[in-house]
Amino acid sequence: MGLNVTEKIIKSHIVEGQMSPGRPVAIRIDQTLTQDATGTMAYLEFEAIGIDCVKTKLSVSYVDHNLIQSDFRNADDHRFLQSIAARYGIYFSRPGNGICHQVHLERFAAPGKTLLGSDSHTPTAGGCGMLAIGAGGLDVAMAMAGQPFYLNMPEVIGVHLTGSLQPWVSAKDVILELLRQLSVKGGVGRVMEYFGPGVKTLSVTDRGAIANLGTELGATSTVFPSDDITRSFLSAQEREKQWTELVADPDASYSMIMEIDLSSLEPMIACPSSPDNVKKVREVAGRPVSQVIIGSCANSSLRDITVAAKSLETRQIHKDVSFEINPGSRQVLENADEKGILQSLIHAGARIHQCGCLGCIGMGQAPATDTISLRTFTRNFPGRSGTKNDKVYLCSPETAVASAVRGQISDPRDIGKPPEMRLPETLIINDNGIIPPLEDGSGVKIIRGPNIKPLPEFDPLSEDLTGQVVLKLGDNITTDHIMPAGSKILPLRSNVPAISEFVFSAIDPSFPKRAKEARTVIIVGGENYGQGSSREHAALAPRYLGVRVKLVKSFARIHKANLINFGIVPLTFKNPDDYEKTEQGETLTIHKIRNAILSGASTVTVEGSNGRSFEARLDLSERDRSIIAAGGLLNAVRAELAGDE
Ligand code: MIC
Ligand code: SF4
């Protein structure tokens, strides 16, 4: 039987396992990317593995998140990352050069290849026909050390596109519609693969925007075919040689097919405070807005800011709106400048920021109290913008600009004629923001600032475990709840003792103190626990505070993998009633947990303090089990290197 694109890429990279959905497989990784907020830890881990030079075909270290240098810490991290890149054979994309996903799509993404990135939106490169997956820093460090990436073989969902988008409707509306239909957990364990005649109506950056927000569905990745559109994109990037055609076989199958008629879509918007709280723009039109931002790895391409500029040639920004542009990359900025796009934006009153994540991760741009901020970003989880009780809406660049003009949420179809858009066929290509690796970096000295603290050491798992339920939480807890970001906390990413003081700070500021008192900590949660970012600090910092078990109804993929990597046991309730019965403050005991894990048991018995006992599931591969027993992946690798196994 024929193969779909996802299966073709996995088949050509598989090193262990079989391509049957749900079963563990290991795949070879061609490229890796890191960004600064996850990268400092990933490179500390890479150093701890003790390899002399990266073993991948290409590894890139981007600095895009922690750009505000309000003291020495972020600047020190940037220098550390630059020296690490020079030492170990890694490309270094300098601060201000752009958002990792946008720059990677432009300069490095290549059809048919695999990419592993320590950022959850790594699948953006799927817009260029690659299999790109987000993971924790330690998994990326292992890939740089030449190890395969382990995952459960995903189901492949086919999204059949027909028709073409109407004026004022764009790629963001496609994925917002899917989020409306499937919710933030609809993609868990799945790859979303697009096919059908509608695909060729979408540019590679449109495809990238759709692939980017596939992450918000909880999907392992999103894949587009590589066709003539991909070829022209690579040719404009002066990389046509890297093009290969990659399409599904005519008799390929999918575990499920979804139909989307692009012609029938209309402008959509995600309301506060979840990317799947999606409505038609018309349903919420008229609400006053104080801030509108075009940017983030979802919508900051030349196309996206050109839409804004062209729409503003005959219009002005409303006096009560701060209209802001965060270009995705220097390539976007430089070409926008050359084509006069920037001039139109400045003239219309836009605030132009440097290229990077900025307000998307709370690095500045926090909105005013009790006002609506409309953003073309990826996430609107509560408080992520940096303002308490924020009201952040996510939308397309078209809806953003229409709303900025009117000062209220507006369907762009209501502001008149759509802009005439023709994107240039040739671009200025200038890689001076990317420092290539040295031929031999062995003599490079790594520069460490005082904020970079060594990795903590963790104990192996004990035979019996007794711990206190220090926190009981509900459904869809995000990593932004567990380990918040923002300009105050992000600079602590390379200092685990310091950052651990902020674990669950927005939900329960007393958590770190109570966790340290309890010593062995269990956290109870609902469905889709740990959705959102790839930040391994959401596992590492809780582990530092004594968390040894997370007992929930279901997990998000990357967070579960991060828990395993840091020796936290991920358990799921066998019977949802036991979730209701488990109380915060209760002591739970699991006898012979280590033995159960190592012997391959699929359940353990959890004993409550009130004589109650119940079963919890252990859904782990053999490799996961030995990692947890060792107390984490680094311990397991070190033991392996020392020949202890
Ligand atoms: C995010 O969008 O939440 C981030 C910041 O890019 C994270 C990574 C991080 O926390 O450093 C992600 O998406 O993985
Ligand atoms: Fe940066 Fe936002 Fe994209 Fe995360 S989602 S990589 S913070 S732009």
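We count ligands from 1, going down the list as the structure has it; atoms in each ligand are counted the same way.
Contacts of D119 with ligand 1, taken as heavy-atom pairs under 4.0 Å, involve both backbone and side chain. When heavy-atom distances to ligand 1 are checked against a 4.0 Å cut-off, R379 comes that close only through its side chain, counted from C-beta outward. Only the side chain of R384 comes within 4.0 Å of ligand 1, counting heavy atoms alone; its backbone N, CA, C and O stay farther away.
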Verdict with reasoning, E47 to R87, per salt bridge (Lys or Arg N to Asp or Glu O under 4.0 Å): CA-CA 11 Å; E47 281 187 299; R87 167 68 188 83; over 6 Å; no
D77 and N451: CA distance, side-chain angles, deciding distance, side-chain hydrogen bond (donor to acceptor under 3.5 Å, both in side chains) verdict: CA-CA 8 Å; D77 281 356; N451 186 45; 4.7 Å; no
Pair L213-T378, side chain to side chain contact (heavy atoms under 4.5 Å, CB included): steps then yes or no: CA-CA 6 Å; L213 260 95; T378 56; 4.2 Å; yes
ring-ring contact (aromatic ring centres under 6.0 Å, His included) between Y529 and H559, worked out: CA-CA 8 Å; Y529 183 89; H559 188 59; 5.6 Å; yes
Verdict with reasoning, E334 to N430, per side-chain hydrogen bond (donor to acceptor under 3.5 Å, both in side chains): CA-CA 9 Å; E334 191 170 0; N430 169 3; 3.2 Å; yes
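Taking distance alone, with nitrogen or oxygen atoms compared against 3.5 Å, S120 approaches ligand 1 more closely than that limit. For ligand 1, the polar-atom distance check finds no N/O of S118 at less than 3.5 Å from any of the ligand's N/O atoms.
Short contacts between ligand 1 and S534, defined as distances under 4.0 Å to a heavy atom of the residue, involve ligand atoms 12 (C), 14 (O). Interface of A37 with ligand 1, defined as ligand atoms under 4.0 Å from a residue heavy atom, comprises 11 (O). Proximity to H65 (heavy-atom distance under 4.0 Å) selects the following atoms of ligand 2: 1 (Fe), 4 (Fe), 6 (S), 7 (S).
Summary of contacts: the protein heavy atom closest to atom 8 (C) of ligand 1 is Q35 NE2, 3.2 Å. Looking at atom 12 (C) of ligand 1, its nearest protein heavy atom turns out to be S533 CB, 3.1 Å. Nearest non-hydrogen protein atom to atom 11 (O) of ligand 1 is R493 NH1, 2.8 Å.
A salt bridge links E398 with R303: the closest approach of a Lys/Arg side-chain nitrogen to an acidic carboxylate oxygen falls below 4.0 angstrom. The existence of a salt bridge linking R384 and D390 is excluded, since no basic side-chain nitrogen approaches an acidic carboxylate oxygen closer than 4.0 Å. Between D480 and R379 there is no salt bridge, since no side-chain nitrogen of the basic residue lies less than 4.0 Å from a carboxylate oxygen of the acidic one.
Closest to atom 10 (O) of ligand 1 by heavy atom, among H65, E536, M41, R535, is R535.
At most 12 heavy atoms of other shown residues, nucleotides or ligands fall within 6.0 angstrom of atom CZ in R94. Within a 6.0 Å sphere centred on CZ of R543, heavy atoms belonging to other residues, nucleotides or ligands number more than 12.
Y43 and F80 have their aromatic ring centers separated by at least 6.0 angstrom.
Side-chain atoms of T205 do not come within 3.5 Å of backbone N or O of G208 as any donor-acceptor pair.
Of all protein N/O/S atoms, those under 2.8 Å from atom 3 (Fe) of ligand 2 are C297 SG, and waters are not counted.
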